[in-house]
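Structure record follows, encoded as structure tokens.
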Amino acid sequence: MNAPARLNSALSVRDQFPAIAGWHYLDSAATAQKPQAVIDAITNAYGRDYATVHRGVYERSAAMTQSFEAARAAAAHLIGGDESELIFTRGATEAINLVAARFTNGTRKRVLLSALEHHSNIVPWQLAGYGIDVVPLIEDGRIDLDAAEAMANESHAIVAFAHVSNVLGSILDAPRAAAIAHKVGAKLLLDGCQAAPRLPVDVAAIGCDFYVFSGHKLYGPTGIGCLWGRAELLNAMPPYQGGGAMIDQVTFERTTFLHAPGRFEAGTPHIVGAVGLHAAIDWTNAIGLDALHAHEVALVNECRAALRDVPGVTLFGPEDSAGIVSFAIDGVHPHDIGTILDDERVAVRAGHHCAQPLMEVLGVPATARASFAAHSDASDIEALVQGLHTVKRIFG
Ligand SMILES: Cc1ncc(COP(=O)(O)O)c(C=O)c1O
């Protein structure tokens, strides 16, 4: 299979990722490798342009403030939102913790999650004291929205689903999920960690209330993530952490707070992380998320077809999954698959992928997972299949 024309025009897409030279990197769902443009932006932000934001009166600080706020706008626009509603966090995990800890919906104390959620979309709700109802999956590994509709009720403060599963690659019918939540007065939070790097996202068209994603899965740096929320919801939520930068007036008797997003960004932010994320978003937009999605869907199709020819392979997830293929081989632990593939310079993830409840549903302790990105191509799939034949030879 060849990459689609727009990506091919940059055979150089692969060459733009210095860290994958001589390697078949199939673990982009865990963290994406960084194109040179992002590495350069980070280097320049520290090495040439560095200063604090929001407080300095000198020119360099004003310029960095502009860059920081431009990054916010880019992150908001990436998902069809407004910058006044985009909060920088340390990652998707912190973003969900923030909502779980601070959002309230009257006296409702239950949340509706699905069986395929990442631990980041389970544990924060438990820590915040919510009871959890779990929507099952349909046969091919998508969230059963008929069941969700039957289960949603007025005890649910929030419905919180992965937009794309990090294990199965299954894509949620997000507008329908929004309608299901809103019908019972609940809000919809989407965990967009795997969707934001893989699909065009439009929070307005979806009709969701909160959307979270991580910079490092979107070709950007670690330590920066995004929480988008509707302004009226964010501004009704009390601050998550206190400190500098999030206040209006402070006295020892009483403190007043900024509106969102400032009220949720206590302390000096991850300035360079935001600049790096902006470069990553520009890089992604230059390719186009439609083209990226088509590229990864084609790779998934090719990968699933090739894996079917390897004896003893079980494939998980729907045929039309987004950039992610989970599989198992009869009688071989996924960790052994990962270790043998590593000897052949193929990097896959093996384990429960921070989705232990989903492993129970699948009836396995772990899976092996190949996940794609802009730089992936047919040579990665060939190397994977060759490696799996080695696994078969070793394990008989
Ligand atoms: C679906 C999903 N949600 C949440 C997370 C957590 O993201 P982070 O560790 O970047 O906060 C991940 C990361 O693996 C993920 O794949």
Side-chain angles (χ1 to χ4, degrees), residues 25-34 75 79 87-101 111 113-127 135 137 141-143 158-172 174 177 188-199 201 208 210-228 240 264 270 273-274 276-277 280-281 296 316-318 321-326 347-359 361-362 366-373:
Y25 184 72
L26 290 171
D27 198 18
S28 297
T31 196
Q33 295 290 344
K34 316 307 169 199
I79 57 166
I87 295 155
F88 283 129
T89 60
R90 284 192 297 131
T93 300
E94 187 176 57
I96 298 174
N97 273 278
L98 192 164
V99 178
V111 291
L113 311 180
S114 87
L116 58 66
E117 299 310 315
H118 189 282
H119 298 163
S120 292
N121 194 26
I122 300 173
V123 183
W125 305 107
Q126 291 172 331
L127 291 177
V135 178
L137 308 182
R142 280 174 292 149
I143 299 171
I158 285 239
V159 175
F161 291 154
H163 195 178
V164 168
S165 160
N166 66 309
V167 179
L168 304 172
S170 39
I171 305 171
L172 176 73
L188 178 68
L189 179 146
L190 291 178
D191 173 353
C193 263
Q194 300 297 340
R198 301 202 152 75
L199 308 174
V201 175
C208 60
F210 297 102
Y211 198 94
V212 309
F213 60 98
S214 283
H216 71 99
K217 295 183 197 277
L218 183 62
Y219 308 104
T222 50
I224 186 117
C226 298
L227 164 63
W228 172 87
Y240 181 49
F264 296 106
H270 189 1
L277 175 60
I281 290 170
E296 293 191 15
F316 302 104
S321 53
I324 296 170
V325 178
S326 264
V348 297
R349 180 79 175 264
H352 55 61
H353 315 291
C354 297
Q356 287 178 352
L358 174 57
M359 296 299 115
V361 172
L362 298 177
T367 74
R369 180 186 70 184
S371 52
F372 301 107

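Just so you know, ligand 1 is whichever comes first in the structure, and atom 1 is the first atom listed for that ligand. We use all heavy atoms of the structure for the numbers below, so side chains are in, but hydrogens, waters and symmetry mates are not.
In terms of heavy-atom proximity, E296 sits nearest to A373 at OE2-CA, 3.4 Å. Residues A29 and K217 approach most closely at O-NZ, 3.0 Å, considering heavy atoms.
Using a non-hydrogen distance threshold of 4.0 Å, E94 does not register as a contact of ligand 1. The shortest separation from a heavy atom of N121 to ligand 1 is not under 4.0 Å, leaving the residue out of contact.
The protein heavy atom nearest to atom 13 (C) of ligand 1 is K217 NZ, 2.6 Å. The shortest contact between atom 11 (O) of ligand 1 and any protein heavy atom is with T93 OG1, 2.6 Å. Scanning the protein for heavy atoms near atom 15 (C) of ligand 1, the closest one is H118 CD2, 3.3 Å. Closest to atom 16 (O) of ligand 1 among all protein heavy atoms lies Q194 NE2, 2.8 Å.
For the pair S170 (side chain) and G141 (backbone), a donor-acceptor distance under 3.5 Å is present. Formation of a donor-acceptor pair under 3.5 Å by the H118 side chain with backbone atoms of S120 is found in this model. In this structure a side-chain-to-backbone donor-acceptor pair under 3.5 Å is missing from Q33 to Y219.
Between S214 and ligand 1, an N or O atom pair is found at a separation short of 3.5 Å.
Counting heavy atoms closer than 4.0 Å to ligand 1, residue D191 contributes side-chain atoms (C-beta onward) but none from N, CA, C or O. When heavy-atom distances to ligand 1 are checked against a 4.0 Å cut-off, H353 has no atom that comes that close, whether in backbone or side chain. Contacts of C193 with ligand 1, taken as heavy-atom pairs under 4.0 Å, involve the side chain alone.
Less than 4.0 angstrom separates some heavy atom of N166 from each of these atoms of ligand 1: 1 (C), 16 (O).
Taking the centre of each ring, H119 and H352 come in below the 6.0 Å mark.
The aromatic rings of H163 and Y211 sit perpendicular to each other, their planes meeting at more than 60°, with 30° as the lower class boundary.
Looking at L168 and I324, their side chains never come closer than 4.5 Å, going by heavy atoms from C-beta outward.
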